[in-house]
Amino acid sequence: MEYSFRDIEKKWQERWKASNAYKVENNCSKPKYYVLDMFPYPSGAGLHVGHPLGYIASDIYSRYKRLKGFNVLHPMGYDAFGLPAEQYAIDHGIHPAVSTATNISNFRSQLDKIGFSYDWDREVNTSKPGYYKWTQWIFLQLFNSFYSRKAGKAERIQVLINAFEKEGNAEYAMPNTQYYIQQFNAKQWKGFDEKRQQDILMQYRLAYCGIGEVNWCEALGTVLANDEVVNGVSERGGYPVVKKKLRQWYLRITEYADRLLEGLERIEFSEAMKEMQTNWIGKSSGAEIDYSIRIGELETTEIRRDIKSDDPSIKIVEVAISETVAENDEPLRVYTTRPDTIFGVDFMVIAPEHELVEEITTEKQKQAVDEYIAYVKSRSERERMAEKKISGVFTGSYALNPFNGKAIPIWISEYVLAGYGTGAIMAVPCGDERDHKFAQHFNIPITNIIGKYYDGNEANPTKDAILENSDFLNGMVMRDAIEVVNKKIEELGIGIRKINYKMRDAAFSRQRYWGEPFPIKWINGIAYPLDESELPLELPEVDSYKPGLEGEGPLANIKTWTSQNLETNTMPGYAGSSWYFLRYMDPHNDKAFCDRKVSDYWGQVDLYIGGTEHAVGHLLYSRMWTKALYDLGYIGHDEPYKKLVNQGMIQGSSRFVYRISFMDFPHLGVMEKVIVNEDAEIFISSGYAEKYLNNELTKQELIDLLNTVSANYFNYSGEIDNLPISLIKLHVDVNIVDGVELNVQEFRKWRNGEYVNAKFILEDGKYICGVEIEKMSKSKFNTVNPDDLVARYGADTFRMYEMFLGPVEMSKPWDTKGIEGVHRFLKKLWRLFYKESGSSQVSPGGGDLEGAVWTEEKATDVELKVLHNTIKKIESDTERFSFNTGVSGFMIAVNELSDLKCHKREILEPLLILLAPYAPHIAEELYAQLRQAPSFGGGLGEASILDATYPTFEAKYVAESSKEYPISINGKLRTTMDISLDAAQPDVEKMVLENDIVKKWLEGKPPKKIIFVKGKMVNVVI
RNA sequence: CCGGAUGUGGUGAAAUUGGUAGACACGUCAGACUUAGGAUCUGAUGCCGUAAGGUAUGGGGGUUCGAGUCCCUCCAUCCGGACCA
């Protein structure tokens, strides 16, 4: 009987479905294990071979854990809201729900062919009202709570209201420091009208509404995401994009910054991933320092001091303030992480948008400042980042160093960002690269406070230097001086310690249709949440998916919607995916997003597999939601994912053909002299193409080659060197290329016969394609569809080959050619059970065992050794997600058992159980045959291999008494010797010195030393 | 610029703790069987060399009896972040 994978896989997929083999119960006495794949967006393009990589890895691990006696939750569903469906709707007028459903059904059928062990009863879809009801519900919880810094967790907004009524907000500092009321007492609070009270509460809510900037594209009439804006214009169409202030919803994730950092220490993410999240959060500690300001012109004198550097550009300026100068009421507040450098401050820089700019600009500098601000406004963010021009202008005013009164000029420059810190910095050129460049550019004298650490040419951001020119800090190490200055500024009341974060609150609204509606009504400018009983607030039908006026979403066009005063924004893509791992646990619950008892049973996701692209988006948001739900008492754990494994990308291996072209632009003038006599395009094989491109093939030789396929293909009357001939490199569909050899028949049919008349210049009778590794994408014709491979080799082969390619975490190129090796392995495995000849019929009952060769004979020591080595290898490889070496472990086992002609059930049955997670169909089929064949002593019952017991490794079967030791001379391997494992050093030395090869190298001299590492090696030093 | 990752045969890769570099495959070559082979099986295969041997894990240096693995330094490729004071 042959290995007939098509019948076997179809049969078992149907049977597993019929028997609910993958159904998972929430009530189970077994220990739980939760394996999760990152939520896919069901795109219209379908799956290519890169997508299922992580799914296969997680499926293997899930099946393995099940065999190990765990109750394994391994669900799948769809993150179904999102822009592509909406864009498709705009372009084709098809409702996103319709196109999404089509995509999902394609996606599902592709997944089904690969034989995953998902419990499809638990499938979720974020765009279904039954799901987004709970997304809206969680949003309401976030809306109705705030982050209590006192308690270090989220609490109900009512707690805050009670406090305000009793004592104002003295105990609860306002998180939004920009709001115009910062402090109030109980009496004031009670005096506020409802609008103002609600405005104030909005400054505290975890989900809140504020004013934010969006990318507004007038021409397209829509708001664009950051990645849809390229170089200041829209990606589609290239229309100008401006920043526009719009009402936006936000999540106050910044309040969780510290806990998000702290949580990283308790979860198993890769160091790289933790690093990325840490950088994104961007915590820095420093101080805010107030400088009083003097507006007006000063008399300055430059004094050379005794500075160690010889560089004349290092100057110390002393500034005398004239009597006529006015003091500004408001001080200049700067944020610095290096208060120790306060005596090295040579100038201040404030952001062009800084509120003090107007007040402190002097008459004399006004024109320059205005011009500069106009210039900055004209530049897009992209321009600012792309061309880093040093630019800035002096305001005319000075800040005074609070310790010694030194006057420091205040500049404005775009290199200081309004949004970070206080939007103002104290510039220390000797210690900061950008400050240094700025000082050099504008010829601002530089004070050296770090002596020899500063060479006059480049800033040195060290913390180890000993301070000089620094008043009371002189002689101190910078690292220690930080604390000294911090203390001092607090004593003097001129500043405070301050912790800053790069992370901003997360924008949580989109001006789009295809997303969750906000359960919010706006009445008289106040946001009122809907009652829970009104959920889900369902998306209305629309006639057009075009946006509303002034950057509002499509919902703004719907009378029935706006007449109810409902919010017209919708939630962003990450809303539904921030909590989906909880819904899988209890997907049909209509009383709660997830029953507390159920979430307590399943707890954290034990293993999460997905790509790095979600490092700072989804992974941070879902961590925050989990923490909020935990704080509010809805779940019992505050980190969603215990362990994260990042899968690498599968790259495409593109193939190219080289077309002869007479369209060489610099030679257009001579084109008339070329007459092409034939309506055919000539393609030349890559070997010749490479040579020609590397100038190893002359034009004449190329022409000779052309003439071999088509005599008088063209006439040319001019100089051969001027012949405008070149090669055009074209992507060709990898599916019509076998390895690197182009299937020329298929090529002629490709693209509706575009190349039907193509002629080829071959090498050894073959057309060889060029190869390049690129991202897998349709436009590069390098995508490979898993369906085709499953049809040709079967799901088991496909699964194992995806794993065999290399480590899951690593990116690697796809090469279809290698799949043969894995397929051969499965066929070889099959031959341990069946002779090739005979019927190829599969009979469901297992009655047809024609050609079966397995026996009930007792296994030999050698066979048991192979088995137990394999058990050990597969178990440990699977545990550490080293699936590629696991597959090779199976190959080694089957190779060895084939060599031993071992057909014994005692060996083969455990082997099948080991294999079942990797290749479930063939394992189940052979297992069923093996156990049910009466004539072979079977009849062991119909139990599925899915719930078999994982074999146990026993060391006694693999014990060795001797080892082939490598014998090195001076560290270089010269020979090997079989030596007993209990041999001691003296015996070994004796044996080794008697060895002929060792003798030869010793040349009669005694060795200096012999190193013997028991069980490892021997090294003779001469 | 900054941060992260990765560099090993013609290709994908292995080497888990510093101890026989290249397991397992693909490809290639030779052979067997066959009407046939894009089936199957056997053997060879890092490079130079007939061989002995030499040489080899991106380059250079170091530690060690011994380095793909540890340290220093430089280079290349890929992926993120972009002026964060």
Side-chain angles (χ1 to χ4, degrees), chain A residues 270-276 278-280 282-284 286 334-338 341 349 381-382 384-386 388 413-417 419-428 431-435 461 500-504 611-613 615-616 646 648-649 651 653 738-740 771 773 775 801 804-807 809-822 824-825 827-828 831 836 873 876-877 880 882 884-892 895 898 963-976 1000 1007-1013 1015-1022:
Chain A
S270 69
E271 287 308 311
M273 182 66 57
K274 289 182 183 180
E275 184 97 21
M276 280 161 99
T278 305
N279 288 344
W280 183 263
K283 182 176 182 173
S284 67
V334 302
Y335 174 69
T336 178
T337 55
R338 297 296 301 274
T341 61
V349 187
E381 217 169 307
R382 290 273 170 172
R384 276 173 72 159
M385 288 187 292
K388 284 189 189 165
S413 172
E414 61 179 0
Y415 88 87
V416 171
L417 308 174
Y420 187 74
T422 59
I425 64 158
M426 49 181 236
V428 183
D432 182 279
E433 194 51 45
R434 284 160 313 163
D435 297 348
N500 260 318
Y501 301 93
K502 274 199 263 184
M503 184 169 66
R504 304 275 88 122
T612 43
E613 66 272 19
V616 290
N646 287 117
M649 266 202 326
Q651 293 147 315
S653 182
D738 181 26
V740 290
V771 176
I773 304 300
K775 204 172 181 145
Y801 184 57
F804 187 62
L805 276 178
E809 315 85 342
M810 224 74 89
S811 290
K812 57 244 156 187
W814 178 264
D815 173 24
T816 299
K817 200 90 182 160
I819 200 170
E820 301 274 356
V822 175
R824 263 176 225 148
F825 152 75
K827 285 197 276 191
K828 197 164 178 179
R831 287 198 301 272
E836 276 167 83
K873 169 129 187 85
S876 85
D877 284 353
R880 61 195 177 93
S882 179
N884 55 327
T885 53
V887 174
S888 79
F890 285 118
M891 289 174 171
I892 292 167
N895 288 346
S898 299
K963 175 186 166 68
E964 177 148 311
Y965 276 89
I967 313 294
S968 304
I969 312 286
N970 284 343
K972 271 194 201 309
L973 178 79
R974 295 300 171 187
T975 187
T976 58
K1000 190 188 116 194
K1008 277 193 190 135
K1009 205 202 264 185
I1010 295 177
I1011 291 160
F1012 169 62
V1013 182
K1016 294 276 187 193
M1017 43 63 69
V1018 180
N1019 189 16
V1020 182
V1021 186
I1022 59 174

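Within every chain, numbering begins at 1; the chains are lettered A, B, ... in the order of the sequence lines, protein sequences first and strands thereafter.
What separates CZ of A:F825 from C1' of B:U40 is a distance of 17 Å, to the nearest Å. If you measure from atom CZ of A:R434 to atom P of B:C2, you get 13 Å, rounded to the nearest angstrom. Note: CG (A:N646) to P (B:G80) measures 13 Å, nearest angstrom. Rounded to a whole Å, the NZ atom of A:K812 is 13 Å from the P atom of B:G7. For A:D432 and B:C1, the CG to C1' distance is 13 Å, given to the nearest whole Å.
For B:G9, the glycosidic angle deviates from 0 by 90° or less, giving a syn base.
Between B:A36 and B:G27, the two P atoms lie 22 Å apart (nearest whole Å). Here, B:G12 and B:A56 have their P atoms 22 Å apart, quoted to the whole Å. Comparing the same atom, C1', in B:A39 and in B:U45 gives a spacing of 23 Å after rounding to whole Å. To the nearest whole angstrom, the two P atoms, one in B:C71 and one in B:G4, are 14 Å apart. To the nearest whole angstrom, the two P atoms, one in B:C83 and one in B:C74, are 26 Å apart. Distance noted for atom C1' between B:U40 and B:A51: 36 Å (whole Å). Straight-line distance between the C1' atoms of B:G10 and B:A44: roughly 16 Å, to the nearest whole Å. Taking the P atom of each, B:G60 and B:U69 are spaced 13 Å apart, rounded to whole Å.
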Practice problem: Toss me the dot-bracket line for RNA chain B: Watson-Crick and G-U wobble, both under 3.5 Å, 5' to 3', using | for pairs to another strand and [ ] for crossers. | Solution: (((((((..(((......[....)))((((((.......))))))(((....)))..(((((..]....))))))))))))....

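Remark on RNA chain B: of its neighbouring residues A:T336 and A:M810, the 5'-side contact belongs to A:M810, judged by nearest-heavy-atom nucleotide. In terms of position along RNA chain B, the nucleotide closest to A:M273 lies nearer the 5' end than the nucleotide closest to the other residue of the pair A:T612 and A:M273.
Atoms OH and OG1, on A:Y335 and A:T337 in that order, are 6.0 Å from each other to the nearest 0.5 Å. A distance of 9.5 Å separates CG in A:N1019 from CD1 in A:I967, rounded to the nearest 0.5 Å.
Listed by chain and residue number, A:T336, A:D340, A:T341, A:K463, A:M478, A:I482 satisfy the side-chain contact (heavy atoms from CB on, under 4.5 Å) test with A:R338 (two or more places apart in sequence, or in another chain). Residues forming a side chain to side chain donor-acceptor pair (under 3.5 Å) with A:T885 (at least two apart in sequence, or on another chain): A:D877, A:S882. Applying the side chain to side chain donor-acceptor pair (under 3.5 Å) test to A:N970 and every residue at least two apart in sequence or in another chain returns nothing. Applying the side chain to side chain donor-acceptor pair (under 3.5 Å) criterion to A:E964, with sequence neighbours excluded, gives A:T976. Every side chain to side chain donor-acceptor pair (under 3.5 Å) that A:E820 has, sequence neighbours left out, goes to A:Y793. Contacts of A:K1009 classified as side-chain contact (heavy atoms from CB on, under 4.5 Å), with partners at least two apart in sequence or in another chain: A:I1011, A:V1021. Contacts of A:M276 classified as side-chain contact (heavy atoms from CB on, under 4.5 Å), with partners at least two apart in sequence or in another chain: A:A615.
Side-chain atoms of A:E414 lie closest to B:C83 of the nucleotides B:G12, B:C83, B:A85. Candidate nucleotides B:G81, B:C65, B:A85 were compared by shortest atom distance to the side chain of A:S284, and B:A85 ranks first. Side-chain proximity of A:M276 to B:G3, B:G80, B:C65: nearest is B:G80. Distance from the side chain of A:T337 is smallest to B:A85 among B:G4, B:U6, B:A85.
Taking 4.0 angstrom as the limit, A:R504 places none of its side-chain polar atoms (N or O) nearer than this to OP1 or OP2 of B:C84. Put simply, A:Y335 has no side-chain N or O that comes within less than 4.0 Å of OP1 or OP2 on B:A85.
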Identify each atom pair where a protein N or O and an N or O of nucleotides 46-49 of chain B are less than 3.5 Å apart, giving names and distance.
none

Which protein N or O atoms sit under 3.5 Å from an N or O of nucleotides 50-56 of chain B?
unit_1, atom_1, unit_2, atom_2, d
B:G53, OP1, A:K1000, NZ, 3.1
B:G54, OP1, A:R974, NH2, 3.4
B:G54, OP2, A:R974, NH1, 2.8

With a cut-off of 3.5 Å and sequence neighbours excluded, list every side-chain donor-acceptor pair involving residues 810-819 of chain A.
unit_1, atom_1, unit_2, atom_2, d
A:S811, OG, A:M649, N, 3.0
A:K812, NZ, A:P807, O, 2.5
A:K812, NZ, A:M810, O, 3.1
A:W814, NE1, A:T816, OG1, 2.7
A:D815, OD1, A:K817, N, 3.3
A:K817, NZ, A:D738, OD1, 2.8
A:K817, NZ, A:D738, OD2, 3.2

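Residues A:S270 and A:N646 form a side-chain contact, since some pair of their non-hydrogen atoms from C-beta on lies under 4.5 Å apart.
Here the side chain of A:R974 pairs no donor or acceptor atom with the backbone of A:G971 at under 3.5 angstrom. A donor-acceptor pair is defined here as one N or O able to donate and one able to accept, closer than 3.5 Å; no such pair exists between the side chain of A:N884 and the backbone of A:L805.
Nucleic acid contact for A:K1008: none, since no nucleic acid atom lies under 4.0 Å from a heavy atom of the residue.
Contact between A:G282 and A:Y420 at its shortest, heavy atoms only, is O-OH, 4.5 Å.
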Self-check item: Summary of protein contacts for nucleotides 16-28 of chain B, nucleotide by nucleotide, where a base hit scores B, a sugar-phosphate-only hit scores S (4.0 Å, heavy atoms)
Solution: B--BBS-BBSSS-

Practice problem: Check step by step if side chain to side chain contact (heavy atoms under 4.5 Å, CB included) holds for A:M891 and A:F804. | Solution: CA-CA 11 Å; A:M891 289 174 171; A:F804 187 62; 4.0 Å; yes

